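Input: a single structure, listed below in structure tokens.
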Amino acid sequence: MDIHQILKRLPHRYPILLVDRVLEIEKNVRIKALKNVSINEPVFLGHFPHRPVMPGVMILEALAQAAALLSFASLDQDPGDDTVVYFAGIDGARFKRPVEPGDQLILEASIERAKAGIYKYKGRALVDGQLAAEAELMCTMRKIA
């Protein structure tokens, strides 16, 4: 899935769109996506000027966006402008190494449970094969007016 397909499925836009490409997808099971981390991203102006590091919440958001792409693909639907995926919970978030400009962040998410419109995912973010972050994410899809 390239950036054009991602833009059709996610409502996010610069500077909060955090998935550049989907590398692998297995409907109802798992996704592997890519985020190229660039020094040009505005968050690095303040986090931190002397040693730029991608904030942990941005890594979790990138995992959630990848998970949302997995959900839409699993449902065989494009969400349209009236559907949004919201966080319902984050458990067990752990950060193991910093993510810096120049890194390629590999986002892996697998569906643990899908029931009554609530999805639970296990997510991992890796850089050069090393675990950078992991968490269990709960999300829900809602129609908006």
Side-chain angles (χ1 to χ4, degrees), residues 1-44 47 51-145:
M1 191 179 298
D2 65 21
I3 192 63
H4 305 290
Q5 295 165 312
I6 291 167
L7 287 167
K8 287 179 186 174
R9 289 170 178 83
L10 291 180
H12 307 79
R13 295 297 180 261
Y14 177 83
I16 202 68
L17 180 62
L18 300 173
V19 177
D20 294 323
R21 180 172 295 277
V22 173
L23 303 173
E24 299 172 13
I25 194 161
E26 190 177 343
K27 291 180 182 182
N28 299 304
V29 179
R30 66 180 190 86
I31 190 169
K32 184 176 182 179
L34 169 71
K35 161 72 176 136
N36 290 307
V37 182
S38 170
I39 190 65
N40 295 325
E41 296 175 48
V43 69
F44 294 126
H47 198 269
R51 180 67 187 237
V53 175
M54 187 174 187
V57 295
M58 300 289 282
I59 297 169
L60 294 177
E61 174 65 25
L63 283 169
Q65 289 179 23
L69 289 167
L70 173 59
S71 293
F72 292 136
S74 297
L75 294 170
D76 286 321
Q77 72 180 38
D78 287 338
D81 292 337
D82 64 342
T83 303
V84 177
V85 178
Y86 292 113
F87 266 129
I90 302 169
D91 294 318
R94 298 287 180 263
F95 302 95
K96 305 293 186 176
R97 74 176 297 281
V99 176
E100 301 174 318
D103 286 342
Q104 283 197 328
L105 192 61
I106 300 297
L107 308 164
E108 299 178 344
S110 58
I111 296 177
E112 298 287 302
R113 185 180 69 224
K115 185 176 180 181
I118 305 280
Y119 291 81
K120 186 171 186 178
Y121 310 91
K122 179 168 271 219
R124 298 177 353 126
L126 300 105
V127 174
D128 294 329
Q130 296 180 343
L131 185 63
E134 61 186 347
E136 292 181 353
L137 309 171
M138 286 196 326
C139 301
T140 185
M141 278 187 248
R142 294 287 185 250
K143 296 281 184 188
I144 54 174

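Keep in mind that what you see is a predicted model, and the values were worked out from it rather than measured. Heads up: numbering here begins at 1 and tracks the sequence.
- Gln65 places no side-chain N or O within 3.5 Å of a backbone atom of Ala62 that could act as its donor or acceptor partner.
- Arg51 is listed as a side-chain neighbour of Glu100, based on a closest heavy-atom distance under 4.5 Å.
- Of the inter-residue distances, the one linking Glu134 atom CD with Leu126 atom CG reads 9.5 Å to the nearest 0.5 angstrom.
- A distance of 7.5 Å separates CG in Asn28 from CG in Leu70, rounded to the nearest 0.5 Å.
- Ile31 approaches Ala66 most closely through the heavy-atom pair CD1-O, 3.4 Å.
- Counting all heavy atoms, side chain and backbone alike, Ile144 lies closest to Tyr86 at CG2-OH, 3.7 Å.
- In terms of the side chain to side chain contact (heavy atoms under 4.5 Å, CB included) criterion, residue partners of Leu23 (sequence neighbours excluded) are, by chain and number, Arg21, Lys32, Leu34, Ile106.
- Inter-residue side-chain proximity for Tyr119 and Ser74 is flagged as unmet; no heavy-atom pair is nearer than 4.5 Å.
- The nearest pair of heavy atoms linking Val99 to Ala132 is CG2-CB, 3.8 Å.
- A 4.5 Å side-chain heavy-atom check between Ser110 and Val29 finds every atom pair outside the cut-off.
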Item to complete: Evaluate the criterion side-chain contact (heavy atoms from CB on, under 4.5 Å) for residue pair Gln5 and Leu10; output intermediate values, then yes/no.
Response: CA-CA 9 Å; Gln5 295 165 312; Leu10 291 180; over 6 Å; no

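- Closest approach of Phe87 to Leu137, counting heavy atoms only: CE2-CD2, 3.9 Å.
- The main-chain N or O of Gly117 is found under 3.5 Å from a side-chain atom of Thr140 such that the two form a donor-acceptor pair.
- Residues Phe95 and Leu60 meet the side-chain proximity criterion, which asks for heavy atoms closer than 4.5 Å.
- Thr83 pairs by the side chain to side chain contact (heavy atoms under 4.5 Å, CB included) definition with Phe72, Pro79, Met141, Lys143, not counting sequence neighbours.
- To the nearest 0.5 angstrom, Leu131 atom CG is 11.5 Å from Arg94 atom CZ.
- A heavy-atom distance below 4.5 Å is not found between the side chains of Ile90 and Met138.
- We find that Asp76 and Lys27 are joined by a salt bridge, their nearest charged nitrogen and carboxylate oxygen being less than 4.0 Å apart.
- For the pair Arg13 (side chain) and Leu7 (backbone), a donor-acceptor distance under 3.5 Å is present.
- For the pair Leu107/Leu105, a side-chain contact is recorded, criterion being any heavy-atom separation below 4.5 Å from C-beta on.
- For the atom pair Lys120 NZ and Glu112 CD, the distance stands at 7.5 Å (nearest 0.5 Å).
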Discussion item. For Arg30 and Glu108: C-alpha separation, side-chain torsions, deciding distance, then whether salt bridge (Lys or Arg N to Asp or Glu O under 4.0 Å) applies.
Written reply: CA-CA 7 Å; Arg30 66 180 190 86; Glu108 299 178 344; over 6 Å; no

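- Taking all atoms of both residues into account, the shortest heavy-atom contact from Cys139 to Val85 is CB-CG1, 3.7 Å.
- Atom CG of residue Leu69 and atom CD1 of residue Ile6 lie 6.0 Å apart, to the nearest 0.5 angstrom.
- Of all heavy-atom pairs between Ala93 and Ala135, the closest is CA-CB, 3.8 Å.
- Interatomic distance, OG of Ser38 versus CZ of Phe44, reported as 8.0 Å (0.5 Å rounding).
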Discussion item. If you apply the rule salt bridge (Lys or Arg N to Asp or Glu O under 4.0 Å), what do you find for Asp103 with Arg97, and how did you get there?
Written reply: CA-CA 12 Å; Asp103 286 342; Arg97 74 176 297 281; 3.7 Å; yes

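- No more than 12 heavy atoms of other residues, nucleotides or ligands sit less than 6.0 Å from atom CG of Asp128.
- Side-chain contact between Gln104 and Val127 is absent, with no heavy-atom pair separated by less than 4.5 Å.
- In this structure, Val19 and Glu61 have side chains that are not in contact, with every pair of non-hydrogen atoms separated by 4.5 Å or more.
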